[in-house]
2 protein chains.
Amino acid sequence: MSKQAAGGSHRVAPVHTDPEDVSVLTALSALADPVRIQLIRELAVSADWTRSCGSFDVPVGKAALSHHFSVLRGAGLVEQRDQGPKRVNRLRREEFDARFPGLLDLLLRSDGAD
Amino acid sequence: MSKQAAGGSHRVAPVHTDPEDVSVLTALSALADPVRIQLIRELAVSADWTRSCGSFDVPVGKAALSHHFSVLRGAGLVEQRDQGPKRVNRLRREEFDARFPGLLDLLLRSDGAD
DNA sequence: AGGACTGTAAGATGCTCATCGAACACTAAG
DNA sequence: CTTAGTGTTCGATGAGCATCTTACAGTCCT
């Protein structure tokens, strides 16, 4: 049977929030974190669906990482898909830009020192 | 002696941070708070130097309010000046826009329900 | 000088959240 | 089936922050 992009690899399919349903406060809160900023920046320079959750160079454990991705999903910033044992990611650039124009650009334009 | 706009009414002159010296993280963190969002929004529709700190309709005490303004100053969002016993405020719209284009617009365009 | 008003500073409290460790669920490969 | 790899969930811990109360420091008015 075809199994790629099937519905539900791990336990349940990841819960996503449409950027249109995200409040400004939620969006800003999601972005106001050093680890999540780094995740977004790394995602931004990677092709869609090429980065698994564990492939990011962040100074936190797996549990915290999973939590951060949950926050990013809830803010409509990231989409996830199960691919075999891995969960691959995609930055929802266009959709998020439509809801919050310029916000992502702001984050990605700044130097890494920020 | 002239006393208007003199240097130091209360105890010391308020400490300001230039928006150019503000990191993205600091800016986002400052804006990721319901009370501060409300302050910014009220300030945005008020003429410069017309609003004293106590003139805002926020559901917190004086002490917390003072703290919030301190955060806003530190993020380069608000400028303060002593005017008699009051400390009047001004939104640093142009300067902040130059550092973070579109960020303030985003906050001010959204509905109050956000 | 005295009193009303405005904002700041200091200390205490409570809550939210970021983090970790360990256990669990699912997939893929041997 | 067993093992290795990946990510989630749960419970606990700790830090940071928003808030309050109280005390203080100015300014203005009488």
Side-chain angles (χ1 to χ4, degrees), chain A residues 1-16 25-26 28-39 49-75 78-90, chain B residues 1-16 25-26 28-39 49-75 78-90:
Chain A
M1 272 79 170
S2 67
K3 79 294 306 245
Q4 67 155 330
S9 306
H10 271 265
R11 171 130 81 254
V12 293
V15 180
H16 290 109
L25 182 56
T26 299
L28 293 177
S29 300
L31 294 175
D33 178 280
V35 173
R36 290 195 286 266
I37 289 183
Q38 189 177 343
L39 292 177
W49 313 120
T50 61
R51 305 293 303 269
S52 68
C53 293
S55 73
F56 291 85
D57 187 24
V58 283
V60 297
K62 299 192 303 178
L65 190 58
S66 181
H67 165 253
H68 283 302
F69 274 108
S70 168
V71 172
L72 291 178
R73 279 200 316 267
V78 163
E79 188 178 2
Q80 295 187 316
R81 170 192 300 177
D82 287 335
Q83 191 173 86
K86 310 197 170 184
R87 183 160 282 190
V88 290
N89 300 275
R90 168 192 160 250
Chain B
M1 273 81 170
S2 65
K3 77 297 300 259
Q4 67 154 347
S9 304
H10 271 267
R11 172 128 82 255
V12 294
V15 181
H16 291 108
L25 181 57
T26 300
L28 294 177
S29 300
L31 295 175
D33 178 281
V35 173
R36 290 194 286 266
I37 289 182
Q38 187 176 344
L39 292 177
W49 313 120
T50 62
R51 303 294 304 268
S52 68
C53 293
S55 74
F56 292 85
D57 187 24
V58 282
V60 296
K62 299 192 304 179
L65 229 183
S66 182
H67 165 252
H68 283 302
F69 274 108
S70 169
V71 172
L72 291 177
R73 281 201 314 267
V78 163
E79 189 178 1
Q80 295 186 316
R81 170 192 301 177
D82 288 335
Q83 192 171 89
K86 311 197 169 183
R87 182 160 282 191
V88 290
N89 300 274
R90 166 193 162 251

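Convention: sequence-line order gives letters A, B, ...; per-chain numbering from 1.
Where B:Ala32 and A:Gly54 each meet DNA chain D at their nearest nucleotide, the meeting point lying more 5' is that of A:Gly54.
Note: CZ (B:Phe69) to P (C:dA9) measures 14 Å, nearest angstrom. Between A:Arg73 atom CZ and D:dG7 atom P the separation is 12 Å, expressed in whole Å. B:Lys62 has its NZ atom 11 Å from the C1' atom of C:dA4, to the nearest Å. Remark: C1' of D:dA18 and CG of B:Leu65 are 12 Å apart, rounded to the nearest angstrom. If you take CZ of A:Phe56 and P of D:dT6, they are 14 Å apart, rounded to a whole angstrom. A straight line from CD1 of A:Ile37 to P of C:dA18 spans 12 Å, rounded to a whole angstrom. If you measure from atom NE2 of B:His68 to atom C1' of D:dT19, you get 8 Å, rounded to the nearest angstrom. One atom, CZ of A:Arg51, and another, P of D:dG7, lie 11 Å apart when rounded to the nearest Å.
Here the CG atom belonging to B:Leu39 is positioned 6.0 Å from the CG atom belonging to B:Leu72, to the nearest 0.5 angstrom. For the atom pair OG (A:Ser52) and CD (A:Gln80), the distance works out to 10.5 Å, reported to the nearest 0.5 Å. Atom SG of A:Cys53 sits about 6.0 Å away from atom CG of A:Leu65, to the nearest 0.5 Å. Once rounded to the nearest 0.5 Å, the distance linking CG of B:Asp33 with CG of A:Leu28 reads 10.5 Å.
Ranking D:dT19, C:dT6, C:dA28 by closeness to the B:Val35 side chain, first place goes to D:dT19. Considering only side-chain atoms of B:Val60, the nucleotide from C:dG7, D:dT19, C:dT27 that sits closest is D:dT19. Nearest to the side chain of B:Ala63, among C:dT27, D:dT21, D:dT8, sits D:dT21. The side chain of A:His67 lies closest to C:dA18 when the candidates are D:dC10, C:dA18, D:dA18.
Side-chain N/O atoms of A:Ser52 include one lying less than 4.0 angstrom from OP1 or OP2 on D:dG7. Residue A:Arg36 has a polar side-chain atom (N or O) positioned under 4.0 Å from OP1 or OP2 of C:dA18. In this structure, B:Arg87 reaches the C:dT8 phosphate: one of its side-chain N or O atoms is under 4.0 Å from OP1 or OP2.
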* Kindly determine whether B:His68 and B:Arg36 satisfy side chain to side chain donor-acceptor pair (under 3.5 Å), including the steps that lead there. => CA-CA 6 Å; B:His68 283 302; B:Arg36 290 194 286 266; 3.1 Å; yes
